Amino acid sequence: MTVAATFEIEYLQYLGADGKPVAQIPDAFKDANTLLPLFKQMLFVRTFDSKAIALQRTGKLGTYAACLGHEATHVGIGASMKPDDVFAPSYREYGAQFMRGVQPREVLMYWGGDERGNDFAGPRKDFAWSVPISTQCLHAAGAALAFKLRKEQNLAVACCGDGGSSKTDFYAALNSAGAYQLPLILCVINNGWAISVPRKAQTGAKTLAQKGIAGGLHCLQVDGNDLIAVLEGMRRAAELARNGDGGSVIEFMTYRLHDHTTADDARRYRDDAEVKDAWTRDPMPRLRTYLTDQGVWNEELEKAWLEECGKKVDVEINAYLETPVQPVEAMFDFLYGDMPADLAAQREQALQENRR
């Protein structure tokens with residue numbers, strides 16, 4: 001028998017669920033002090049997330065997509081990028097976006113129904129949130145092509161979910177990245193559920209990482225609840241991309257501990273035992289234990305930092321709540337160079353009704 005091809009998917013994990021090392025820590029992350037600001041950022045994201053949910057519950061925010069349980073993956077991705085790289089998020093990667101310069105008040109404005117929340121103060125080159133699943137992967141591939149044509153050592157990073165990895169946009173992006181050796185990293189955040197569809201029901205692939213093999217990309221599966229594994233996986237992929245050795249597909253194994261959004265009730269389709277088991281792999285206590293064992297963190301420091309996080313988030317919430325609402329005619333702005341007559345009539349009608 002002649003074998004045309006074989007492949008293996010490497011799995012990265014350095015910290016067990018109990019926070020104890022299960023493999024040798026990579027040299028780049030052996031100094032626990034380098035992980036400390038990232039853990040603090042994870043705590044900030046979780047604080048923001050809980051307060052955003054509370055805002056929605058009290059009618060001060062629209063439908064909101066929580067990122068509870070994804071903190072290590074998101075912060076690790078954001079920490080691994082350089083300012084001149086380009087990020088194409090979906091609609092949940094707040095941890096990465098905060099590290100890229102997006103302000104929490106902008107996130108709140110977006111989920112509050114104000115499109116100005118998509119006009120980030122920084123970085124200007126990053127793409128806006130993408131609600132249509134996986135279309136952002138193609139945008140990132142285009143940015144990666146531009147980097148290659150300009151001979152720039154920057155990379156493009158796109159995030160999608162496990163469900164998004166079954167979309168044609170995802171496959172087209174990885175195929176282009178492989179064909180043209182683009183500096184693209186496709187991050188598949190596998191949280192087990194494509195809204196209400198379990199991973200096993202939407203693909204027969206043993207791993208989602210292996211989908212990149214068909215396109216000729218480097219492929220890796222990572223424990224997405226282990227910040228060190230996330231950082232090492234991204235470091236490897238970024239090094240390959242910047243050196244002209246092609247793009248990667250990284251599957252981050254994590255879990256959505258909250259509902260898909262505040263408009264969802266995951267109890268309708270998820271077993272309570274499954275969620276309870278997922279909490280035992282929560283990325284927060286895992287890294288907290290490791291940093292405490294390394295002597296760089298303790299309860300007193302965490303209490304003080306959480307208090308500061310609460311104050312910082314409250315400043316952002318107040319800025320959001322105090323932002324003047326746009327005039328009604330703003331919904332018609334910037335749609336056309338010359339507004340069609342029917343829209344002009346609608347605009348005038350909206351203005352008249354608003355004056356009543």
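Predicted model, so just to flag it, every value in this text is computed and none were measured.
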> Please determine if Arg235 and Glu232 form a salt bridge, counting it only when a charged side-chain N lies under 4.0 Å from a carboxylate O.
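Judged by the 4.0 Å cut-off on N to carboxylate O distance, Arg235 and Glu232 do form a salt bridge.
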> Closer than 4.0 angstrom, basic N to acidic O: yes or no for Asp85 and Arg100?
no
> Does Arg116 pair with Asp114 as a salt bridge, N-O distance under 4.0 Å?
yes
> For a quick check under 3.5 Å, do Asp49 and Tyr64 share a side-chain donor-acceptor pair by atom type?
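Asp49 vs Tyr64: donor-acceptor pair found between side chains.
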> Have a look at Arg92 and tell me which of His74, Gln97, His70, His260 forms a side-chain hydrogen bond (donor to acceptor under 3.5 Å, both in side chains) with it.
His260
> What I want to check is whether the side chains of Asp226 and Gln13 have a donor and an acceptor closer together than 3.5 Å.
no
> For Thr135 and Ser130, test the side chains for any donor-to-acceptor distance below 3.5 angstrom and give the result as yes or no.
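Side chains of Thr135 and Ser130: pair found under 3.5 Å.
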> Using the benzene-type ring in the case of Trp, are the ring centres of Phe98 and Phe48 under 6.0 Å apart?
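Yes, ring centres under 6.0 Å apart.
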> Under the side chain to side chain donor-acceptor pair (under 3.5 Å) criterion, do Asn225 and Thr254 qualify, and how do the steps go?
CA-CA 6 Å; Asn225 292 339; Thr254 182; 2.8 Å; yes
> Apply salt bridge (Lys or Arg N to Asp or Glu O under 4.0 Å) to the pair Asp265 and Arg267, showing each step before the final yes or no.
CA-CA 5 Å; Asp265 183 359; Arg267 293 173 298 180; 2.9 Å; yes
> So Lys20 and Asp18, salt bridge (Lys or Arg N to Asp or Glu O under 4.0 Å) or not? Walk me through it.
CA-CA 6 Å; Lys20 307 299 182 182; Asp18 59 359; over 6 Å; no
> Does Leu240 share a hydrophobic cluster with Met234, counting links as ILVMFWY side-chain heavy atoms below 4.5 Å and allowing steps through other members?
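Different clusters: Leu240 never reaches Met234 through Ile, Leu, Val, Met, Phe, Trp or Tyr contacts under 4.5 Å.
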> Without swapping roles, check the side chain of Asn318 against the backbone of Asp314 for a donor-acceptor pair under 3.5 Å.
yes
> Using a strict cut-off of less than 4.0 Å between a Lys/Arg side-chain nitrogen and an Asp/Glu carboxylate oxygen, indicate whether Arg347 and Asp342 qualify as a salt bridge.
no
> Can you confirm whether the side chains of Gln221 and Thr207 place a donor and an acceptor under 3.5 Å from each other?
no
> Would Lys40 and Glu308 pass as an ion pair if we require N to O under 4.0 Å?
no
> Does one side chain, of Asn243 or Asp245, offer a donor that lies under 3.5 Å from an acceptor on the other?
no
> Can you tell me if Asp169 uses its side chain to pair, donor with acceptor, with the backbone of Gln136 under 3.5 Å?
no
